[in-house]
Amino acid sequence: MNIELNIANLVAQGIKNLYHQELTATELTIQPTKKEFEGDFTFVTFALTKLLRKKPEEIGEEIGKFLKENNPFIANYNVIKGFLNLKLSQSFWLQTLATIAATPNFGNAAFHGTKVMVEYSSPNTNKPLHLGHLRNNFLGYAVAEILKANGYDVMKTNLVNDRGIHICKSMLAYQKFGEGETPETAGMKGDHLVGKYYVVFDKANKQQIQELVAQYQQDTPNEDIEKLKEKAGKNTPLILEAQEMLKKWEEGDAETVDLWKKMNGWVYAGFDETYKMMGVNFDKIYYESNTYLLGKNVVEEGLAKGVFFKKENGSVWIDLKEEGLDEKLVLRADGTSVYITQDLGTADYKYADFPMEKSIYVVGNEQDYHFKVLFTILKKLGRNYAGGMYHLSYGMVELPSGKMKSREGTVVDADDLIAEMMTIAEERTKELGKIDDFSSEDAKNLYRMLALGALKYYLLRVEPKKTMLFNPEESIDFQGDTGVYIQFNHARIASLIRRADLLHIPYHSESFVAKATLQEVEIELLKLISFFPQRIQEAANEYSPSVIADFAYQLSKAYSRFYNELSVFNEPDEATKSMRLALSAETAKAIKNAMNMIGAEVPERM
RNA sequence: GUUUUGGUAGCUCAGUUGGAUAGAGCAACUGCCUUCUAAGCAGUAGGUCAUUGGUUCGAAUCCAAUCCAGAACACCA
């Protein structure tokens, strides 16, 4: 359903009849009429003045008259300057409601099976998830769901960064200071425990840097302090030991690998719990420990094809100056991989797994350059899938004090934040006392729903690429433009529908089409629902869940207005009563569908 | 320095791809629960759309320059 397109077609027909000019519907501007004017949709005539050599008002008058006379759905029209405002008839809107009601999963596109992979989350296994990860996870999950709603065959993946020097840091600190502590003995989630040792490492290492710098200063008192710090950072006993450990790990040293397995196991258990709480999931999980050696064959291939070149010291590069980028290293002189080497190999690996037409990487905008380079290289290598690759780049979540820094303890922990939101949801719900008859299990489920709904909506309503601000002092709101407001409207409708069903009041199409009367608020609401398919498409085209979040909010707001202005059960006209129930039911369905698409659940009662 | 992304109400954000008098929420103020869930509704107040110039019937939106802020530019990941 696309009402604007239909109207554009009617206008095009009118132009053909009146002026003998062939214009396609997409060349014509149709938009919803601004609320301060009379009408539902507006055709902008300015653009035609040159072609038709007429005044904009004149064109509006002529087309308006033609449409009204030749189409029963056009009830009326008025012209203000270059704007032709068209009012659609009651019967048109009632028919629209009937069509929406008869369409299962209204808004969703038919399945076409185009394969798309969405990689998101991709955590490090050396520290627990924080607020920034929440934005990533919610975004990735939502984009995947939105693509599904648009008919794609979606594969959600997670590439876990489970090896490397940073992992060795936690391992080393644990080995030195852990005293055999486990998540059980410490009473901590595994990811938090491992994160604790990452911090321990950092602290001890900082101490060593200071000591080294002091020593350097004695030896070379005239050297620049920053340079000394940099040098010290690379040479502390702890860093050297961590590097040694990494080497051992790569050689498969049994003791090191066992420790790594043990600690990663703790982290995975912790992550699983958090993922479950967040309501996100994956179809396949990749581990860097399995993929970090990939890509060397790609380097050979690139050399053979002349896409890459070798420098005298044996390192391999690609020249991307023509693309406005720089020279980029793809293999070290000692033959070992760099970050981009594995990403090249992993891209092939993923494609072999799932031959997708689109591949989306949900990764923060600090890696914009990296992905530009990666995609360019793959194109140059002639990968046919390269054209479908997309870096869904999102902005950082900042605190009023600036960036979150784990070293300064200003990180907002994901588990803590969710727990806090649940507590607030519980307090607020108990205050209102509307679910006193709930079992404690049902109540807890509601708190989780509300907490996560609030959090997801809060993070997803903002356009992905924008940096956003989170103020821990002010807890996330439950009023106004929030997830909870939307959930509240759903619960309210659910309550109406329960009552209608109990009283056996019908609300199928036959009970209202051609009989009921619609008020302005109802038409506004119906109009919004009818836009759902376009909004879903828009969200998919732009990989932007904020479009769906906004849709759910606009819809809830329109419903709230309707709910306060008009009564359902006190309406004397039976057909109109049925229509209002049907309208409510369809609103609830659209709200639920939209909220599910951004990963938020919606309650029947709250 | 180069590249890149932003700058809209006191605060947090929208703005349907160039359309009419730029919108929401929060915070402030005023009304509305004997009535389908008030986690609500209605209203008041709040703007040099960073600045300047350009493109045209028409610019928050497109182009150029400038200012401010963030990020990236490692034989790190």
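Quick note: numbers below take in every heavy atom, side chains included, and nothing from hydrogens, waters or symmetry partners. The sequence lines fix the lettering, A, B, ..., with proteins before strands; numbering per chain opens at 1.
- Centroid-to-centroid, the aromatic rings of A:Phe562 and A:Tyr559 come within less than 6.0 Å.
- Ring geometry, A:Tyr361 versus A:Phe375: the interplanar angle falls from 30° to 60°, so the pair is classed tilted.
- At the phosphate of B:C41, OP1 or OP2 sits under 4.0 Å from a side-chain N or O atom of A:Tyr485.
- Residue A:Glu288 is classed as a sugar-phosphate contact, given heavy-atom separations below 4.0 Å to backbone atoms only.
- Rounded to whole Å, the separation between the P atoms of B:A60 and B:U21 comes to 10 Å.
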Using atom names, set out every protein N or O paired with an N or O of nucleotides 7-11 of chain B below 3.5 Å, distance rounded to 0.1 Å.
{"residue": "B:G7", "atom": "OP1", "partner": "A:Lys466", "partner atom": "NZ", "Å": "3.4"}

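- Counting non-hydrogen atoms under 4.0 angstrom, A:Arg561 reaches the backbone sugars and phosphates but no base.
- Between A:Thr467 and B:G6 there is no side-chain polar atom (N or O) within less than 4.0 angstrom of OP1 or OP2.
- Heavy-atom distances to RNA chain B give each of A:Lys403 and A:Leu331 a nearest nucleotide, and the one nearer the 5′ end belongs to A:Lys403.
- Judged by closest nucleotide on RNA chain B, A:Met468 is the one of A:Val484 and A:Met468 placed further toward the 5' end.
- Below 30°, between 30° and 60°, or above 60°: for A:Tyr457 and A:Tyr553 the angle between ring planes is between 30° and 60°, a tilted geometry.
- In this pair, A:Phe41 and A:Phe531 present their aromatic rings perpendicular. The plane angle is above 60°, beyond the 30 to 60° band.
- If you check residues 537-554 of chain A against RNA chain B, the residues with a heavy atom closer than 4.0 Å are A:Glu542, A:Asp550, A:Tyr553, listed by number.
- A sub-4.0 Å separation between OP1 or OP2 of B:A39 and a side-chain N or O of A:Arg492 is absent.
- Paired runs in RNA chain B that reach 3 or more consecutive Watson-Crick or G-U pairs, where each pair keeps both distances under 3.5 Å, cover B:1-7 with B:67-73, B:10-13 with B:23-26, B:28-32 with B:40-44, B:50-54 with B:62-66.
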